[in-house]
Amino acid sequence: MKENNKISKVLILGSGALKIGEAGEFDYSGSQALKAMKEEHIETILINPNIATVQTSEGIADKIYFLPVTPYFVEKVIKKENPQGILLSFGGQTALNCGVELYKSGVLKKYGVDVLGTPVQAIMDTEDRELFVKKLDEIDVKTIKSHAVENAEDALKAANELGYPVIVRAAYALGGLGSGFCNNDDELKKLVAKAFTFSPQVLVEKSLKGWKEIEYEVVRDRFDNCITVCNMENFDPLGIHTGESIVVAPSQTLTNYEYYLLREIAIKIVRHIGIVGECNVQYAFDPQSEDYRVIEVNARLSRSSALASKATGYPLAFVAAKLGLGYGLFDLKNSVTKTTPAFFEPALDYIVCKIPRWDLSKFHGVSRLIGSSMKSVGEVMAIGRSFEEAIQKGLRMIGRGAHGFVANKEMHVDNIEKELSEPTDSRIFVIAKAMEAGYTVDQIHAATKIDRWFLDKLQNICRISKDIEKCGSLEEMGKDLLTTAKQCGFSDFQIGRLIFKDKEDPDTYTPIVREYRKSLNVLPVVKQIDTLAAEFPAKTNYLYLTYNGTAHDIDYEKDKKSIIVIGSGAYRIGSSVEFDWCSVNCLKTIQNCGYRGIMINYNPETVSTDYDMCDRLYFDELTFERVMDIYDLETPHGVVVSVGGQIPNNLAMRLNDANVNILGTSAKSIDNAEDRHKFSAMLDKLDINQPRWSELTTLDDINKFVGKVGFPVLVRPSYVLSGAAMNVCSNDDELKEFLQLATEVSQKHPVVVSEFIQHAKEIEFDAVACKGEIIAYAISEHIEFAGVHSGDATIQFPPQKLYVETVRRIKKISRKIAEALKISGPFNIQFMAKENDILVIECNLRASRSFPFVSKVLKVNLIELATKVMIGEPVKPLDKSAFDLDYVGIKASQFSFSRLLKADPVLGVDMASTGEVGCIGDDTAEAILKSMLSVGYSIPKKGILLSTGDGKQKAEMLDACSELAKKGYKLYATGGTFRYLKDNNIETTEVYWPDEAGKSPQAIDLIKNKEIDMVVNIPKNLSKSELDNGYKVRRASVDFNIQLLTNTRLASAFINAFCSLDQDDIQIKSWDQYK
Amino acid sequence: MKQSDKIKLVLENGLEFQGYSFGYRSEADGEVVFNTAMVGYPESLTDPSYSGQILCITYPIIGNYGIPGDKLENGVSKVFESEKIHVRALVISYYSEDYSHWDSVMSLDSWLKEHKIPGIYGVDTRELTKVLREKGAMLGRIIPADKECVLPIPDPNLDNQVAITSCKEVVRYGSGKKKVVLVDCGVKNNILRCLIRRNVEVIRVPWNYDFNQLDWDGLFISNGPGNPALCDEAVEHLKVALQGDKPVFGICMGNQLMARAAGAKTFKLKYGHRSHNQPVRLIGTEKCFITSQNHGFAVDDSTLGADWEPLFVNMNDGTNEGIKHKTKPFFSAQFHPEATSGPTDTEFLFDKFVNLL
């Protein structure tokens, strides 16, 4: 049935680094597309610089290019590889935009490359707003009345014609970038100015705030057969970006008429536009009538389609890829039942609830309001058989310390009314607070426009919570209320807290309630996700747990031949796709070793939650309670806690106490490394140095300690992930101010103060040990000096500038630590080196963020080795020659500051990047250039604005500045830098800081007028002083989309790279060509 | 949701499903069937094809948008599929007591009470569905939790459900140049609406009425509950009509009766097709449709007469989904082109029929 039989080689574009609005979902869709091609024996070429993804792993694509997904590089690859077809819809907006450009410029035609699936014209019809409206007008489908304008004046005219409120959006932009609501002329002028920096075309539309937001995922084949795989309803009505909304599937408040009306229109649209593959249609739907508007159509796989795939079990990306080859839906099988066709619409017998995960507390000064532009960094999907069950699960999954909708730590809300109508990232908890404070469902509905149905269900949770609270003991609560509570998603902990009211030690709540619950036989059941609501038998391994049921869907073998892998949960800053790669590779190795691999995870954006990746997938919580539920049912050989980042690591001790067999390094060792005191004592005993630190409880003690080590100091609460709430303080004032914040963050934990060493090198040691003996390792060095979080730093592997002596010492210390902690499995140690003094910063007895990067550069899969060690399979220590590489890998970070309104785009001890790339080059300069171009930098063509920091930093930047001058760039510099460069015979034009009002040229004007295309702005000190000159310049460069560098070392490396190399000098070499 | 009286559903094989009472408080029995549709409970409950049956909805959360107020248009209800609830009882997992919709006037609970139909919630509906899937549709009874179930349970399929649900006298709807006789085997209102909307006069006659004596341009055989083998009277009338050349269109029961009139056999499916997502293919083409279905019996199309051929096939299990005459304008669909509830992809069949008139 295939049409494109001539296709034997295809090119697929990935989405690059994870960023806000474009995250792990495209690793999932790309991997599925590659799997579909492989099944057809088609050779695949993948371009994606995101080295931590599963799709860029061995055996998935035939050839991988770690290169930027830009027309320039894609053309080079096309020229070299000569593919017959190209897939554009699996790499998000990045791939789509790139594809459209290649089409428009005639490159695809020139090289005879066919676009498989949806034709480019159809893509353009959906992407260009005016074309889109025209297209839908042709079939009498209503769109939001929109005026496309190309200047601010026309925008103003349009807004006044439509009447406020209006929404402004930039055309061709990712996930609502540069868009927002305006209530008057002033607001409009401001927003429009910004929107024009992202796109030459800006759209002004009538706002439909408060309407329901409904989405349909539609699939069409070339024979015009259409299905809608899933519909979804946003809990948050229109006005909040769907990526920022809580979303349920299927829709809950639509009648049959409404459901099928919108379905019919969706199909009509998809047919008219001519989609071949997958497509998403978003509606605004009037809550008071049957009126609707089409918001937009995404002619590609999207975040919603990944969610829909996970919500239904229907592999949209896989099917879309096959349809692109010319198959009909009737040719393909339902991959769950394996007997019925892929032409059907899944029937769900559960509800899923997606909740976004924000990390706004990581950004200084950022606005916490949520709205029409996306800020969340990840999401979770919870499955239940009641809304209450699903949402409470989901609120635990997002990992913000909540135990569900109720029974959480007291949250302070200044003004409930205001926060209800002006939603922030805490909206759902503000609703809880409002309900607790006696607000009625009607009042909350009036303020939020959230459908009463959802609010009634939340109210139900509150009601049950009050009923439990009235009970003086578990016995008094009784079986009926306990069952009701569990059916509505209450965790054992929540029940314990409500009953014991903080009279007992909170750590005992879960075990006490659990035991009582088990004694009453109130247990969860395991249900399958089978796409057909049990209508047909399915051997599906896609599972979830619920209390709304009485029987399990599956029988357990109880043969101890399975191994549970605990996943990494929601993507967040500090824990992302790299742990998904680790989990997937761990599962693969487990299966290769003859065990069944069991996955627990709840992140719909991942490949590890693809039910094809394991023998059983529990799409469920990673709490102690739920992991134990599954452990009890599975009775596995053991559990792996070291490949999913910090969540599983933190569970280790409790699982161990519950007699769970933890594979690899013991829980006690994990605790010895996690617990600062124990770890420090061990280092002292081993005679290993570390920066001086102290755990302190009073200001006096802190002052005494600072007197000893001197400023700056690093201040942080203990036991946290990724440096949350840590800060560097350079003087007394900063210290005092920060301590007030820090103690508010965590009253229970004392404050840890450590000496902060400046101008030190930071070094990563990623390794695998077996019974305390290191069998493989990778040493990499940060380009930036210590002080930039390791997750934000640019990392070079193998190291190019470390002393031989440094390397030797690091190996020696690592061996000692591995031996002392009897490590069996993956681990990572971070070192600081100044001259040849080596200090240990921290040690994690789990896979680290850099595992996929070093594994792929080294071409040794460290996770495979580690998993074998944990299972007890024989492994051989790696040959020394394996570490001798003739090429260099650079891992660079992707920041999403442009989406985070008002956040200061500066790097510090707290992690801020949302993603990363890893590129390989013949030398450092080439690898740096590739990786920087991959995270969105470009080689400047016009001018550069320089503010290079304090004296020492200015000196560090001098060489780079002189290279720029030599290259002939027009240089601008602010006062101090101008004079310093002048003294060093480098000509620049002096420009003025914002507080030097009246003088011109102003730095900010240069940015606004785009007279420059790069800003180097080095903050003088490590503190985050607010709203100063530097902040304004940095923020302006982000807001006006001009590339910004804030670190001397990275800026120098990048400048050096593009001054010594042209873009044309970059080698187009696939991964396998680096030998 | 407040806890109410504990009741249970007992199947004829003795299996029990515990739950809580809602709707009308009474006992009920019937053939237990499941439907996997995710929306459309007001439509399903009033669908005459469910006559004699206890309906288990596999979507777990039911009642969300309440029950709309009834309005009449051309003498036909705009929102319901008939004048009453036809299921004998409703089985669900979670009852959404609070409902939310601008057009709703009462809760599902109140509506069931008004129509004296019992409901049971808190049931593991997925497990019940699996039992029905494996063992086939079964008789069942809903009784208080502490009561013993007395067997046997009377089988509604032994009664002529078509006769129970069909209209008792001739009713005329709409106006237009063309006249269509609609043989009411338990017709759904949306079939009436679909025909009236296409500007034809509809003459709705009881299932066993001899319509051959009437003057008509087209004949329509409706959907209906139960076993087609009990409708020989209608089949005999139909055989006469099929001697002629005027267009005939049948849906669901209509498909089965036409098949029987064309000499084919019908048989009982293990657990029937009741959902909004049944894939069918127009035989000999690459055209596929998602259809709404509700039937427990099917046509054995290998037994069709020589002048007939299958028109549609079910892509899940290969059963017949419609037949057509090789030369004359007679055709039928086992699925529901009128949808309501369900997908609207095949409504064009009404156009096809009306254009033939």
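Bear in mind the structure is a predicted one, so any value in this text is a computation, not a measurement. Naming: A, B, ... by sequence-line order, numbering from 1 per chain.
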### Task
Check step by step if side-chain hydrogen bond (donor to acceptor under 3.5 Å, both in side chains) holds for Thr344(B) and Glu347(B).
CA-CA 6 Å; Thr344(B) 52; Glu347(B) 205 188 306; 5.8 Å; no
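- For chain A, no part of Phe17(B) is nearby; none of its heavy atoms comes within less than 4.5 Å.
- Interface residue Asp553(A): backbone and side-chain heavy atoms are both found under 4.5 Å from chain B.
- Residues Asn223(B) and Ser49(B) bring a donor and an acceptor atom of their side chains to less than 3.5 Å of each other.
- Heavy-atom pairs under 4.5 Å with chain B peak, among Ser386(A), Pro341(A), Cys488(A), at Pro341(A).
- Heavy-atom distances place both the backbone and the side chain of Phe536(A) under 4.5 Å from chain B.
- When all heavy atoms of Gln334(B) and Phe297(B) are compared, the pair lying nearest together is NE2-O, 4.1 Å.
- For the options Glu127(B), Arg133(B), His273(B), His101(B), heavy-atom pairs under 4.5 Å to chain A are most numerous at Arg133(B).
- Ranked by heavy-atom pairs under 4.5 Å with chain A, the first of Gly40(B), Pro343(B), Ser341(B) is Pro343(B).
- Under the 30°/60° scheme for interplanar angles, the aromatic rings of Phe330(A) and Phe223(A) are found to be tilted.
- Looking at Phe22(B), Tyr41(B), Tyr50(B) one by one, the single match for side chain to side chain contact (heavy atoms under 4.5 Å, CB included) with Leu90(B) turns out to be Phe22(B).
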* Tell me, with the steps shown, if Asn277(B) and Ser275(B) meet side-chain hydrogen bond (donor to acceptor under 3.5 Å, both in side chains). => CA-CA 6 Å; Asn277(B) 63 348; Ser275(B) 70; 2.8 Å; yes
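- Per-residue counts of heavy-atom pairs under 4.5 Å with chain B were compared for Asp467(A), Thr253(A), Leu348(A), Val441(A); the largest is that of Leu348(A).
- In this structure, the portion of Tyr259(A) lying under 4.5 Å from any heavy atom of chain B is its side chain and not its backbone.
- In terms of non-hydrogen atom pairs under 4.5 Å with chain B, the most contact-rich of Ala347(A), Ala533(A), Ala534(A) is Ala534(A).
- Counting heavy-atom pairs closer than 4.5 Å to chain B, the top residue among Asn548(A), Ile227(A), Ile351(A), Asn334(A) is Ile351(A).
- The greatest number of non-hydrogen atom pairs below 4.5 Å with chain A, out of Lys287(B), Gln18(B), Met315(B), is found for Met315(B).
- For Arg126(B), the parts sitting under 4.5 Å from any heavy atom of chain A are the backbone and the side chain alike.
- Proximity to chain A (any heavy atom under 4.5 Å) is restricted, for Gln278(B), to the side chain, taken from C-beta onward.
- Heavy atoms of Leu532(A) lying under 4.5 Å from chain B belong to its backbone as well as its side chain.
- With rounding to the nearest 0.5 Å, the separation of OH in Tyr95(B) from OG in Ser4(B) is 10.5 Å.
- Side chains of Thr291(B) and Gln293(B): a donor-acceptor N/O pair is present below 3.5 angstrom, by distance only.
- Taking the centre of each ring, Tyr20(B) and Tyr121(B) come in below the 6.0 Å mark.
- Contacts between Pro346(A) and chain B at a heavy-atom distance below 4.5 Å involve the backbone alone (N, CA, C, O).
- Ranking Ile61(B), Asp124(B), Asp317(B) against chain A, the residue ahead of the rest is Asp124(B), based on heavy-atom pairs under 4.5 Å.
- Using modelled atom types and a 3.5 Å distance limit, the side chains of Asp530(A) and Thr540(A) yield no donor-acceptor pair.
- Remark: Lys268(B) NZ is packed, more than 12 non-hydrogen atoms of other residues, nucleotides or ligands lying under 6.0 Å away.
- By the 6.0 Å contact criterion, NZ on Lys270(B) is enclosed, its count of non-hydrogen atoms from other residues, nucleotides or ligands being greater than 12.
- Heavy atoms of Glu43(B) lying under 4.5 Å from chain A belong exclusively to its side chain.
- For Met38(B), the part lying near chain A is the side chain, with the backbone staying farther off; criterion is any non-hydrogen pair under 4.5 Å.
- Heavy atoms of Thr125(B) lying under 4.5 Å from chain A belong to its backbone as well as its side chain.
- Using modelled atom types and a 3.5 Å distance limit, the side chains of Tyr65(B) and Glu258(A) yield no donor-acceptor pair.
- With a threshold of 4.5 angstrom between heavy atoms, Glu290(A) approaches chain B through its backbone and through its side chain.
- Residue contact with chain B, scored on non-hydrogen atoms closer than 4.5 Å, involves the backbone and the side chain of Arg385(A) alike.
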